[in-house]
Amino acid sequence: MKLAQHYKADIVENKWYKIWLEKKYFHSEPNEKEPYTIVIPPPNITGILHMGHVLNNTLQDILIRRARMLGYNACWVPGTDHASIATEARIVANLKSKGIDKHSLTRDEFMKYAWEWKEKHGGIILEQLKKLGASCDWDRTTFTMDDHYYKSVIHVFVDLYNKGLIYRSHRMVNWDPLALTALSDEEVIYKKTNSKLYYVKYFLTDDSGYLTIATTRPETILADTAVAVNPNDDRYKHLIGKYVYVPLVKREIPIIADQYVDPEFGTGCLKVTPAHDLNDYEIGKKHNLEIIDIFTPDARLNENAKFLIGQDRFEARENIIPLLEKEGNLTKIEDYENNVAYSERTDVPIEPRLSLQWFLKVEELSKPAMQVVLDGTIKFYPDKFINTYRHWMKNIKDWCISRQLWWGHRIPVWYLPNGEFVVAHNEEEAYTLALKKNPNLKKIELHQDDDVLDTWFSSWIWPIAVFNGILQPNNEDINYYYPTNDLVTAPEILFFWVARMIMAGLEYRKQVPFYNVYFTGIVRDKLGRKMSKSLGNSPDPLDLIDKYGADGVRMGMLFSSPLGNDLLFDEALCEQGRNFANKIWNALRLVKMWKIDPVKPTDTINVKSISWFNEQLKASIIEINHYFDEYRISDALKSVYKTIWDYFCSWYLELIKPNYGEPVDANTYNSTINFFKTLMQLLHPFMPFITEEIWHLLQDNYNIDDTIMLTPWPTADSYDENIINDINFIFEFISTVRSLKAQYNITKEDIEVYYNDTEYDKVIKDYEELILKMAQVKSINKNKQLKNTAEALVRTITISIPITETNIEEEKEKILKELDYYKGFLANVNKKLKNENFLKKAPDKVIENEKKKQQDTIKKIESLKKLLKKYEN
RNA sequence: GGGCGCUUAGCUCAGCUGGUUCAGAGCGCCUGCCUUACAAGCAGGAGGUCAAUGGUUCGAAUCCAUUAGCGCCCACCA
């Protein structure tokens with residue numbers, strides 16, 4: 001068989017993914033085996049694959065593939081989220097580009113268009129995940145607006161309403177004046193903004209003077225209904241209970257006292273605008289103030305403002321200034337930096353707005369959800385997020401779940417003409433319920449709530465609803481796959497999603513939704529900037545896959561991502577991944593190139609090499625499994641990488657490789673093939689494609705009905721430390737000889753090496769042939785002094801090789817430097833050993849070790865001194 | 001303002017409840033090699049007062065305190 005010099009990823013990857021799908025290796029059905037389940041964090045239906053997805057899904061694929069090899073019935077459920085605000089925004093924009101205004105359509109027309117759009121553009125991301133090698137059970141692909149899922153969401157709303165946990169209320173909400181919808185607190189981002197602080201006079205109605213108030217939003221003056229001061233503020237105490245005129249509109253409003261006012265800020269006087277500020281609203285409620293709303297839903301001034309009617313809030317802010325100036329109300333304007341709330345979706349400043357919304361009471365739901373994390377039922381990796389979680393859960397507020405959109409799950413509430421309402425699973429049921437309130441009601445008089453539910457109100461039941469466990473709480477799937485095992489997600493959505501899934505899981509299954517949560521970091525570019533479209537610093541994962549192969553990209557991503565930390569992504573790491581694939585490929589080429597001689601005995605070098613690598617492999621397996629147990633995936637990969645590249649390729653293969661043209665004995669060949677196979681198994685979760693290909697090429701027959709992904713994961717209990725220690729010494733010995741040769745430019749192989757110590761006699765004799773082969777020298781001898789030698793230390797022994805000329809000064813300098821170091825080292829050890837407290841208190845083991853250090857160092861110093869003497873003569 | 005975390009080589013990070021000659025790895029950098037698996041490679045090399053100060057201890061990169069710098073989360077002061 002002829003193998004190409006370079007590994008060709010694209011051909012191999014396309015071939016295998018197709019076969020895997022055909023063979024349904026990813027598909028799972030409940031059986032007698034133990035399940036291992038992961039549900040994907042559903043990406044937005046409109047989304048396309050970005051580097052964050054690559055990281056997140058590579059990790060999930062690694063976990064699920066290893067679980068599959070460990071013998072679990074592994075099931076990774078994929079799917080997408082309808083993402084109401086984001087998707088509706090895109091659909092509206094798309095309509096607009098065709099000259100269609102959303103509001104010119106009926107709800108049904110709009111939804112029809114939206115579904116068409118979804119069928120056409122949705123789900124691209126799932127196809128992209130296949131390129132990455134994701135081993136999802138595609139037969140279980142779920143969309144949050146699939147029929148059964150939709151009904152599940154509605155069921156949950158009705159159920160929670162009937163339990164008294166959902167209520168409708170006037171509340172100050174975060175209003176997005178562009179999207180024309182309320183947002184949850186989590187969808188608001190605060191940005192430091194340069195703005196101005198305006199100082200405005202409010203004249204007392206009794207003509208006894210004025211108060212000055214500092215505000216960043218002068219346009220809301222028109223909606224003021226009080227002025228507040230701190231009750232303990234001596235400057236203003238005497239004014240409490242008096243009245244002032246609101247500038248321009250000349251409305252009389254009271255001066256009230258409230259602890260909320262900070263006497264230190266601004267002038268110590270606060271204008272109270274209950275309709276347009278959350279805190280003012282609270283104050284207003286307390287003091288029973290009038291609420292005057294001066295904004296339209298898209299944040300223009302309405303008739304209530306009396307001035308600047310029809311102007312946008314920012315226009316009005318500018319235009320009210322000259323008016324105030326003219327009336328003599330404005331005293332000064334200062335530059336000021338403050339935090340302004342922006343909509344995460346549309347990036348416009350939020351307008352606090354009073355409106356009727358639906359809320360979920362979360363206090364009762366959050367208590368058990370906090371408990372399961374604190375008591376370790378659910379583990380967070382890394383665990384630092386437990387604190388963040390606890391802090392948030394303690395201060396959790398009711399969840400505003402209604403959104404003024406059409407794309408999503410329509411709130412299952414029907415209103416009667418008189419304003420009463422019923423909550424039901426569907427219109428029929430609603431009508432039946434409504435008839436009880438009004439027996440003469442006609443069906444057409446019922447009107448369903450126009451709003452939809454927050455997207456997270458559907459995704460919080462994801463781990464249950466993908467198995468249809470809400471509508472059919474006892475079906476086989478949900479009973480088998482739930483609770484799931486791992487969740488891999490970003491810390492940004494710890495509250496949006498993770499916390500809420502825990503609440504829903506406990507409420508609807510009485511069980512946590514997952515046992516382990518792995519938090520990934522943010523993918524940044526190599527300069528540390530967050531990857532974003534606007535910066536243009538985010539590579540397209542598909543381009544990277546074309547260039548380096550999916551295996552290479554997976555490697556590159558994983559190589560730089562320690563658990564829970566942000567990762568600085570550098571394309572060079574994908575290159576490193578591709579190079580690794582090529583390295584493995586060439587190791588295969590080497591092995592496949594050999595001719596096998598079935599009667600040839602195994603020579604000493606190979607016997608020893610095989611016995612060493614056998615132990616080394618066990619040691620590596622133990623380490624790799626240990627890292628997996630701690631979810632240190634990147635460390636596990638590094639360990640596999642080192643085992644393959646350093647131990648297997650650089651040492652083992654070089655040791656056993658026959659001279660050109662010579663055959664290899666059957667024992668060596670078989671051992672090597674078996675080692676190679678085990679290494680491919682260890683690497684498979686990380687690089688699924690190349691490992692599958694090589695697994696097949698290592699077999700006697702290339703049989704595509706076979707697969708590496710269902711072979712048992714390698715395990716080991718213990719390894720022989722002595723063999724590994726001996727070999728490590730031998731490798732050091734070899735490296736030192738190579739180093740000496742490199743230093744003195746010796747390329748010959750016929751030189752002799754000398755060493756001067758008896759302690760390592762046995763090891764050196766045992767592994768003599770290995771040294772000769774790898775260090776490329778003729779012989780190793782003891783205690784012979786030559787005239788011209790170059791020398792170096794390996795642990796406590798001195799080795800020397802003959803050279804033709806020596807730069808004596810340079811050598812002396814080197815030795816003196818080393819001597820200095822070891823003298824200092826010895827002094828430290830001596831000091832310790834003379835310290836009575838140390839001898840009394842330190843454990844015996846430590847003392848013994850110090851003594852050994854002492855002896856070794858004395859030995860080394862003697863050797864160095866001898867050498868020095870030689871040079872001085 | 002409240003909470004959490006970080007600071008170890010040029011870069012990214014390991015280093016578990018103090019004690020293995022403990023100061024490490026990968027990348028980058030430098031030197032020499034196109035050696036019949038691989039130049040997408042091989043061999044060798046240089047680089048660090050473990051942020052600063054003080055304390056605990058026989059012993060501190062590791063534990064404690066303070067300081068400086070950085071990051072994240074929460075709250076949102078008009």
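Per chain, numbering begins at 1; letters A, B, ... match sequence-line order. Only a predicted model underlies this, so the values are computations on that prediction, with no experimental measurement involved.
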List the residues meeting salt bridge (charged side-chain N to carboxylate O under 4.0 Å, His left out) with [X], not counting sequence neighbours, and say none if there are none.
X	value
A/Lys642	A/Asp646
A/Glu732	A/Arg795
A/Lys547	A/Glu571

Notebook entry, point to check: Tell me, which stems hold RNA chain B, with a stem being 3 or more Watson-Crick or G-U pairs in a row and both distances under 3.5 Å?
Noted result: B:1-7 with B:68-74, B:10-13 with B:24-27, B:29-33 with B:41-45, B:51-55 with B:63-67

Next item on the list: Kindly write out the residues that satisfy ring-ring contact (aromatic ring centres under 6.0 Å, His included) with A/Phe733, not counting sequence neighbours, or none if the list is empty.
Entry: none

Next item on the list: Using the C1' atoms only, state how far B/A78 lies from B/C72, rounded to an integer number of Å.
Entry: 27 Å

Checklist line | B/U12 to B/U8 separation - P atoms, rounded to the nearest Å | finding: 9 Å

Check: When rounded to the nearest 0.5 angstrom, what distance separates CG in A/Leu573 from OH in A/Tyr548?
Finding: 10.0 Å

Check nucleotides 75-78 of chain B against the protein and report each pair of N or O atoms closer than 3.5 Å, with its distance, or say if there are none.
{"residue": "B/C76", "atom": "O2", "partner": "A/Asn339", "partner atom": "ND2", "Å": "3.4"}
{"residue": "B/C76", "atom": "N3", "partner": "A/Asn339", "partner atom": "ND2", "Å": "2.9"}
{"residue": "B/C77", "atom": "OP1", "partner": "A/Asn279", "partner atom": "ND2", "Å": "2.3"}
{"residue": "B/C77", "atom": "O2", "partner": "A/Asp262", "partner atom": "OD2", "Å": "3.4"}
{"residue": "B/A78", "atom": "OP2", "partner": "A/Tyr336", "partner atom": "OH", "Å": "2.4"}
{"residue": "B/A78", "atom": "O3'", "partner": "A/Thr216", "partner atom": "OG1", "Å": "3.2"}
{"residue": "B/A78", "atom": "N6", "partner": "A/Asp262", "partner atom": "O", "Å": "2.8"}
{"residue": "B/A78", "atom": "N6", "partner": "A/Phe265", "partner atom": "O", "Å": "3.3"}
{"residue": "B/A78", "atom": "N1", "partner": "A/Asp262", "partner atom": "N", "Å": "3.3"}

Note to self: Set out, in order, the CA-CA distance, both residues' side-chain angles and the distance that settles side chain to side chain contact (heavy atoms under 4.5 Å, CB included) for A/Ile734 and A/Trp651, then state yes or no.
What the structure shows: CA-CA 11 Å; A/Ile734 292 165; A/Trp651 286 109; 4.0 Å; yes

Notebook entry, point to check: Does a donor on one side chain and an acceptor on the other come within less than 3.5 Å for A/Ser639 and A/Glu623?
Noted result: yes

Note to self: What contact category does A/Arg524 fall into here, base, sugar-phosphate, or nothing, at under 4.0 angstrom with non-hydrogen atoms?
What the structure shows: nothing

Next item on the list: Figure out the CZ/P separation between A/Phe569 and B/U12, and round it to whole Å.
Entry: 16 Å

Next item on the list: Specify the separation, in whole Å, of atom CG of A/Leu568 and atom C1' of B/C70.
Entry: 14 Å

Next item on the list: Encode nucleotides 30-46 of chain B as B, S and - characters from 5' to 3', where the letter depends on protein heavy atoms closer than 4.0 Å: B to the base, S only to sugar-phosphate, - to neither.
Entry: ------BBBSBSSSSS-

Next item on the list: List the protein contact pattern of nucleotides 2-7 of chain B with one symbol per nucleotide (5' to 3'): B for base contact, S for sugar-phosphate-only contact, - for none; contact means a heavy-atom distance under 4.0 Å.
Entry: --S---

Notebook entry, point to check: Of the options A/Lys859, A/Lys852, A/Lys853, which is the one that meets A/Asp856 in a side chain to side chain donor-acceptor pair (under 3.5 Å)?
Noted result: A/Lys852

Next item on the list: Could you tell me how the ring of A/Phe519 sits relative to the ring of A/Phe385: parallel (under 30°), tilted (30 to 60°) or perpendicular (over 60°)?
Entry: tilted

Margin query: Under the rule for side-chain contact (heavy atoms from CB on, under 4.5 Å), what residues qualify as partners of A/Arg217, not counting sequence neighbours?
Written below: A/Thr215, A/Glu219, A/Thr220, A/Phe295, A/Arg313, A/Arg317, A/Glu351, A/Pro352

Notebook entry, point to check: Among residues 839-850 of chain A, which contact RNA chain B at a heavy-atom distance under 4.0 Å?
Noted result: A/Lys841, A/Ala842, A/Pro843, A/Val846, A/Asn849

Check: Under 4.5 Å between any side-chain heavy atoms of A/Thr489 and A/Thr520, yes or no?
Finding: no

Notebook entry, point to check: With sequence neighbours left out, what residues match A/Tyr336 under side-chain hydrogen bond (donor to acceptor under 3.5 Å, both in side chains)?
Noted result: none

Note to self: My understanding is that only residues two or more places apart in sequence, or in another chain, count here; which of them pass side-chain hydrogen bond (donor to acceptor under 3.5 Å, both in side chains) with A/Gln854?
What the structure shows: A/Asn830

